[in-house]
Protein chains: 2
Amino acid sequence: MGSRASGELDAARRRRRTGTAIKESLRELSIQLSLLNHQVGARLNLKDVDLDCLELINRHGAMSPSALARRAGLHPATMTGILDRLERGGWIARDRATDDRRAVIVRSLRDRNAELYRLYGGMNSAMDRICAGYTEDQLDLLADFLRRATEAGNDATGDLAG
Amino acid sequence: MGSRASGELDAARRRRRTGTAIKESLRELSIQLSLLNHQVGARLNLKDVDLDCLELINRHGAMSPSALARRAGLHPATMTGILDRLERGGWIARDRATDDRRAVIVRSLRDRNAELYRLYGGMNSAMDRICAGYTEDQLDLLADFLRRATEAGNDATGDLAG
DNA sequence: ACGTCTCATATGGGTTCCAGAGCATCGGGC
DNA sequence: GCCCGATGCTCTGGAACCCATATGAGACGT
């Protein structure tokens, strides 16, 4: 066998190893960010799942409790309790829909956002320092990768839930 | 003002925007992976926090319950209940330490790993497809970024906890 | 108008989380 | 060798939580 073929084999192997490293790093990152979430939530008297739901509302906009429950993979009745806590803390407001008066629209109040931002401040500035070491093209590459990975996570979650 | 200066200004602005996009994507990715974890845990009759702890044991190796509790930001008594569930499910074993007979070492049993791997299979293959579109150099860049972000998360968590 | 469906929330039972107490054990001083 | 404080894990009790079911209010088709 020529050096060409074995070189290609090594390249393929190295490539697979890097891919595995990325998947493992992603998983480790996920845990680490969960732990960070946990600490932030603890400071705000919120459960982890409360923060997740709040973030879902911030990202995807106002929606009904049942829609939120579907997104979060939780029972609608559970969502009532979560929304009670978030409402009590002044994080969200429950508006009754005008067209369908059974329906409720959960809306995010931005009042306490500064508080949240401050708690994530350490992580944010660390990320700024990390980003500073990359070129614009590299940053674009990273942003695109994260977006795709999120989409993959979304699909995988949907498959398991459905 | 010359076109050179305004061009530099645009570049700086675009750069800042990309950085913000990355931080937001990271946060969104974090939620998405949490939701994925939640679905996986639901299939295995495990709580989210149980999976987190199991993963911590897998990553950082066998350790005592109290050390694990510190890492996870939980009360030692809470850890007892979590370990009870993990032990009942055959995920871990509690060994009494030989040198210090008060101490307990929590060790991960790998018996059910295949089951876990299968549940994450959808996400894994999606990540493989994503990785296939990058060059080896780009993959290295991504892996390094993820590693650094994890480290940043670890530091930020430690600051909040300490 | 009637029944059926959807939506959010109240209710009850089983579970979980956590602070503090309890028990066993280690290490150091004497 | 023995005591004493410190350490490590687990049990106990009380509060909070999650979820299945039931309930009440309202929308929609016929």
Side-chain angles (χ1 to χ4, degrees), chain A residues 34-35 37-54 56-57 62-89 91-108 161, chain B residues 34-35 37-54 56-57 60-89 91-108 161:
Chain A
S34 285
L35 294 178
N37 256 2
H38 182 74
Q39 291 298 333
V40 170
R43 301 269 178 137
L44 300 169
N45 287 319
L46 291 176
K47 309 281 164 200
D48 295 13
V49 67
D50 301 356
L51 263 183
D52 284 348
C53 290
L54 180 60
L56 281 175
I57 300 168
M63 68 181 98
S64 75
S66 41
L68 188 54
R70 271 192 300 275
R71 262 193 202 284
L74 292 164
H75 197 279
T78 306
M79 190 52 67
T80 300
I82 293 172
L83 294 178
D84 285 348
R85 278 196 298 274
L86 286 174
E87 194 175 30
R88 212 181 306 139
W91 297 99
I92 58 149
R94 286 197 254 218
D95 299 333
R96 210 149 270 279
T98 53
D99 54 338
D100 183 345
R101 294 201 315 185
R102 297 168 302 180
V104 167
I105 303 295
V106 180
R107 176 170 48 89
S108 169
Chain B
S34 285
L35 295 178
N37 256 0
H38 182 74
Q39 292 298 332
V40 170
R43 300 270 179 138
L44 300 170
N45 287 319
L46 291 176
K47 309 282 165 200
D48 294 14
V49 69
D50 300 355
L51 263 183
D52 285 347
C53 290
L54 179 60
L56 280 175
I57 300 168
H60 297 90
M63 67 182 100
S64 76
S66 42
L68 189 54
R70 273 192 299 274
R71 264 193 200 284
L74 293 163
H75 195 280
T78 306
M79 190 53 67
T80 299
I82 293 171
L83 294 179
D84 285 348
R85 279 196 297 275
L86 286 174
E87 194 174 31
R88 212 181 307 139
W91 297 99
I92 57 149
R94 286 196 254 218
D95 297 335
R96 207 149 276 275
T98 54
D99 53 338
D100 183 345
R101 294 202 315 180
R102 298 169 300 181
V104 167
I105 303 295
V106 179
R107 176 171 49 88
S108 169

Does a side-chain N or O of Ser64(B) approach OP1 or OP2 of dC9(D) to a distance below 4.0 Å, or not? yes

Any Ser66(A) side-chain nitrogen or oxygen under 4.0 Å from OP1 or OP2 of dA8(C): yes

Could you give the [atom1]-to-[atom2] distance, from [X] to [N], as a whole number of Å?
X        : N       : atom1 : atom2 : result
Asp84(A) : dT9(C)  : CG    : C1'   : 9 Å
Met63(A) : dA8(C)  : CE    : P     : 12 Å
Leu83(A) : dA10(C) : CG    : P     : 12 Å
Ile92(B) : dC9(D)  : CD1   : C1'   : 13 Å
Asp48(B) : dT16(C) : CG    : P     : 13 Å
Leu86(A) : dT9(C)  : CG    : P     : 13 Å

Listed by chain and number, what are the side-chain hydrogen bond (donor to acceptor under 3.5 Å, both in side chains) partners of [X], not counting sequence neighbours?
X         : value
Gln39(B)  : none
Arg102(A) : Asp100(A)
Asn37(B)  : Tyr120(B)
Thr80(A)  : none

Can you sort out the partners of Arg107(B) under salt bridge (charged side-chain N to carboxylate O under 4.0 Å, His left out), two or more places apart, ordered by chain and number? Asp95(B)

Suppose we screen for side chain to side chain contact (heavy atoms under 4.5 Å, CB included). Which residues come up paired with [X], at least two apart in sequence or across chains?
X         : answer
Ile57(A)  : Leu68(A), Ile92(A), Val106(A), Ser108(A)
Arg101(B) : none
Ala97(B)  : Asp99(B), Ala103(B), Ile105(B)
Arg88(B)  : Asp84(B), Arg85(B)

Terminal axes of the helix from dA1(C)-dT30(D) to dC30(C)-dG1(D) (5 end pairs apiece), angle rounded to 10 degrees, sit apart by 20°

Using the 3.5 Å cut-off, write out each protein N or O paired with an N or O of nucleotides 27-30 of chain D and the distance between them.
unit_1, atom_1, unit_2, atom_2, d
dA27(D), OP1, Arg101(A), N, 3.1

Indicate, with a heavy-atom threshold strictly under 4.0 Å, whether Arg96(A) touches base, sugar-phosphate, or nothing. nothing

At under 4.0 Å between heavy atoms, which parts of nucleotides 12-19 of chain D does protein reach? Answer with one letter per nucleotide, 5' to 3': B base, S sugar-phosphate only, - none. -----SSB

To the nearest 0.5 Å, atom CG of Leu51(A) lies from atom CG of Leu44(A) at 6.5 Å

Is there side-chain contact between Arg94(B) and Pro65(B), with heavy atoms separated by less than 4.5 Å? no

